[in-house]
**Student:** 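Before I ask anything, let me first share the structure, which is written out below as structure tokens.
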There are 2 protein chains.
Amino acid sequence: MSDGSDNVIQPARRRPVTLRDVAETARVSVATASKALNDQGRMTAETRTRIRAVALQLGFRPNSLAQSLLRRRSFTVGLLTNDSYGRFSLPVMAGVSEALLDNGVSVFLCNVEDDPRLGQLHVDAMLDKRVDGIIASGKRLDRHLPVDLSNLGIPVIYAFTEPDPNSIAFVSDDEGGARLAVEHFVALGRKRIVHVAGPETFAVVHQRADAYRAVLAENGLTPPRVMMGPWSEGWGHQAVAELFDAPGEKPDAVFCGNDQIARGVVDALRERGLRVPEDVGVIGFDNWEIVAAATRPPLTTVDMNLTALGREAGLTLLSLVDGKPVEPGLRKLPCRLVVRQSCGRPPGD
Amino acid sequence: MSDGSDNVIQPARRRPVTLRDVAETARVSVATASKALNDQGRMTAETRTRIRAVALQLGFRPNSLAQSLLRRRSFTVGLLTNDSYGRFSLPVMAGVSEALLDNGVSVFLCNVEDDPRLGQLHVDAMLDKRVDGIIASGKRLDRHLPVDLSNLGIPVIYAFTEPDPNSIAFVSDDEGGARLAVEHFVALGRKRIVHVAGPETFAVVHQRADAYRAVLAENGLTPPRVMMGPWSEGWGHQAVAELFDAPGEKPDAVFCGNDQIARGVVDALRERGLRVPEDVGVIGFDNWEIVAAATRPPLTTVDMNLTALGREAGLTLLSLVDGKPVEPGLRKLPCRLVVRQSCGRPPGD
DNA sequence: TTCTTTAGAGAAAAGGTTTTCTCAAGCTGC
DNA sequence: GCAGCTTGAGAAAACCTTTTCTCTAAAGAA
């Protein structure tokens with residue numbers, strides 16, 4: 001039965017109402033209509049309000065494509081990332097969106113994995129669509145995205161990824177974050193603090209380890225002990241075994257490279273009958289809520305403030321797009337310590 | 001020292017090369033240049049190749065904005081979501097991108113949280129930017145996004161969120177997924193299978209519970225037992241306590257509402273000295289890799305194939321945009337069981 | 001040689017908006 | 001009664017590309 005009442009969704013694309021429609025309905029020229037709506041030019045107050053009323057009634061919305069073409073500004077930016085899982089990109093993206101939304105700027109999100117072909121494809125698409133700028137983000141601070149973003153002719157900002165030389169970049173202050181954690185332990189009176197870190201192939205692992213060693217030295221504490229391994233719960237378990245099976249003094253605090261390791265450490269300690277935080281304090285890194293909050297007890301952990309980082313990146317990109325010059329360089333944004341229950345209360349609390 | 005050599009990044013926006021530049025360099029008209037590049041019209045092979053060479057050498061890329069304006073097609077779609085955490089949206093987004101990238105279509109990702117104001121803002125921005133269509137996604141199947149997407153005048157597809165009546169929607173087949181899990185237990189010879197589910201306020205909880213009960217009935221197994229609680233590890237622990245502290249026969253299999261609950265169940269069982277999978281088998285839901293793979297033993301779990309779902313949604317949206325009619329309705333896409341080690345090998349394996 | 005056809009290329013319009021320029025009418029002041 | 005302003009509004013160009021239409025010149029047919 002094809003009697004026309006077939007129950008299919010016809011992509012009935014209505015013709016959107018244009019400025020011309022408004023002008024004709026209000027019996028003025030498009031020029032006048034445009035000026036009325038943009039508060040430009042001179043005309044009777046009556047004319048202006050009349051045109052406005054017509055536009056409202058017709059539901060007129062200016063065609064961004066036409067505006068962009070003329071203004072050479074698309075009110076659109078691209079966000080490149082290789083973090084398919086979104087653990088780091090999503091908070092950054094949230095911050096970027098937040099900063100840009102108020103300015104009517106939309107974001108193309110493009111995951112380029114680690115594939116140069118995919119990267120080129122996405123960058124070309126962005127360029128063709130005349131994005132006003134690009135934000136490059138990623139899942140680690142010491143790896144480039146698989147794309148060359150120099151000499152694109154549009155502003156580029158790096159946020160939580162390895163930047164090009166002489167570019168503008170926002171990254172987390174990993175040394176600072178590690179200091180926060182270790183100093184927190186020190187303030188709580190912990191004496192034998194070890195660091196169960198991530199893999200040695202990561203630059204941040206060394207930065208944090210250096211900060212850890214520095215804080216210990218500054219406070220005249222036991223020789224530092226840094227153990228490197230994968231970013232996994234399993235590594236947390238293994239590290240606890242190594243630490244507590246060995247003869248001699250046992251640690252009373254463990255600073256972990258991420259929340260998953262910390263989760264493993266906490267679980268392993270509990271399984272050995274050690275109490276967290278009474279016997280051993282534990283601090284994680286990343287503040288990955290879903291892990292940190294589910295750990296028993298909930299993890300005290302370092303938050304890299306990625307949303308704030310994204311917001312800064314977005315605002316700075318806007319400045320560049322607006323033509324304001326910005327000094328190049330690496331901006332390290334401070335981390336913050338999120339205190340939960342895995343290392344006890346500070347003294348006097 | 002402002003001697004002009006200040007080390008600042010000037011947003012030096014190079015004027016992009018236009019078709020006109022190509023035409024002038026090749027000493028032809030823009031019309032001819034356009035036709036040469038698009039394999040249209042008639043001209044000497046020599047003219048065509050010459051223009052092509054010039055375009056290539058100048059690095060000409062057509063301005064998408066101008067093309068879109070003319071073609072009334074922006075090669076751009078919007079993806080709305082309220083899943084700030086991205087656990088469900090990101091796989092969907094990956095599938096959508098994958099489907100659209102080959103067609104040169106870019107995706108605006110917009111997180112509307114649960115804020116109608118934010119939703120309206122984003123939808124208006126999309127409409128202004130003349131997206132070719134919108135995909136609505138979310139974090140649960142029985143809640144609307146805080147926006148009205150009916151009568152937008154452009155195609156809309158719902159993917160993993162509560163659809164409007166008479167629209168096109170892709171969702172996971174939760175009954176089917178639950179069947180996969182419970183039937184897997186049955187095939188393994190498990191007899192006393194309980195279901196530790198999510199909160200009763202979720203529609204999927206009831207759908208899965210119904211499927212669970214149906215499979216038990218079909219196989220003449222013990223009366224079903226469904227326990228509802230939060231989507232958390234803690235609930236997994238608590239459920240195990242309730243189940244195993246009570247007198248009488250103990251379950252030999254637990255089908256969980258998500259991987260976090262399953263994680264809690266597995267941990268709680270181990271803490272009680274029960275072996276997984278030997279004494280009790282456990283199956284989760286969602287295949288949230290980071291949890292499922294880190295559980296000891298790694299979780300067998302139901303994967304909702306969200307990436308495939310996103311791909312379907314993207315392709316269907318393209319059909320609509322291309323003017324092909326599509327029947328409205330809810331399409332349930334099958335789940336698949338990812339077998340790891342938390343319920344033993346099937347007999348004869 | 002003349003008429004018809006075809007090849008090759010350009011002119012112009014369209015898409016929707018903004019902005020500058022132009023123009024006519026009304027008004028002020030002398 | 002007229003030079004000079006101001007006011008209100010429209011015409012037109014610009015942004016960049018695609019496409020249809022038009023035009024010229026040359027080739028082919030009679």
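Residue numbers begin at 1 in each chain, while the letters A, B, ... track the order of the sequences.
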**Student:** Which pair of non-hydrogen atoms, one from B:Pro16 and one from B:Asp21, has the smallest distance, and what is that distance?
**Tutor:** O-OD2, 4.1 Å

**Student:** Within this structure, what is the CZ-to-P distance between B:Arg73 and D:dT18, rounded to whole angstrom?
**Tutor:** 15 Å

**Student:** Starting at atom CG of A:Leu69, determine the distance to atom P of D:dT18, rounded to an integer number of angstrom.
**Tutor:** 12 Å

**Student:** What residues from residues 42-57 of chain A pass a heavy-atom cutoff of under 4.0 Å to DNA chain C?
**Tutor:** none

**Student:** Under 6.0 Å between the ring centres of B:Phe108 and A:Phe108?
**Tutor:** yes

**Student:** Taking only side-chain nitrogens and oxygens of A:Ser29, does any of them come within less than 4.0 Å of OP1 or OP2 of D:dA9?
**Tutor:** no

**Student:** Heavy atoms, side chains only, cut-off 4.5 Å: are A:Arg50 and A:Val28 in contact?
**Tutor:** yes

**Student:** By nearest heavy atom, map B:Ala33 and B:Arg130 onto DNA chain C; which one lands nearer the 5' end?
**Tutor:** B:Ala33

**Student:** Let me know, please, whether B:Val28 or A:Pro16 comes out on the 5' side of the other along DNA chain C by nearest nucleotide.
**Tutor:** B:Val28

**Student:** Check whether any side-chain heavy atom of A:Val22 sits under 4.5 Å from a side-chain heavy atom of A:Ile51, and report yes or no.
**Tutor:** yes

**Student:** Using only side-chain N and O atoms of B:Asn63, determine if any of them is under 4.0 Å from OP1 or OP2 of D:dC15.
**Tutor:** no

**Student:** Which is the 5'-most and which the 3'-most nucleotide of DNA chain C that has an atom under 4.0 Å from a heavy atom of chain A?
**Tutor:** C:dG16 to C:dT20

**Student:** Please report, rounded to the nearest Å, how far the C1' atom of D:dT17 is from the CZ atom of B:Arg61.
**Tutor:** 15 Å

**Student:** Could you state the CG-P distance from B:Leu70 to D:dT18, rounded to the nearest angstrom?
**Tutor:** 8 Å

**Student:** With a sphere of 6.0 Å drawn around CD of B:Gln57, does it hold more than 12 non-hydrogen atoms of other residues, nucleotides or ligands?
**Tutor:** no

**Student:** Around atom CG of A:Asn151, are there more than 12 heavy atoms of other residues, nucleotides or ligands at under 6.0 Å?
**Tutor:** no

**Student:** By the definition side-chain contact (heavy atoms from CB on, under 4.5 Å), identify the one residue from B:Leu333, B:Leu306, B:Ile135 that meets it with B:Phe160.
**Tutor:** B:Leu306

**Student:** Would you kindly check whether a donor in the side chain of A:Lys35 faces an acceptor in the base of D:dG10, or vice versa, at under 3.5 angstrom?
**Tutor:** yes

**Student:** Under a plain distance cut-off of 3.5 Å, with no hydrogens placed, do B:Ser64 and A:Asp128 share a side-chain donor-acceptor pair?
**Tutor:** no

**Student:** Do the side chains of B:Cys110 and B:Met126 get nearer than 4.5 Å, heavy atoms only?
**Tutor:** yes

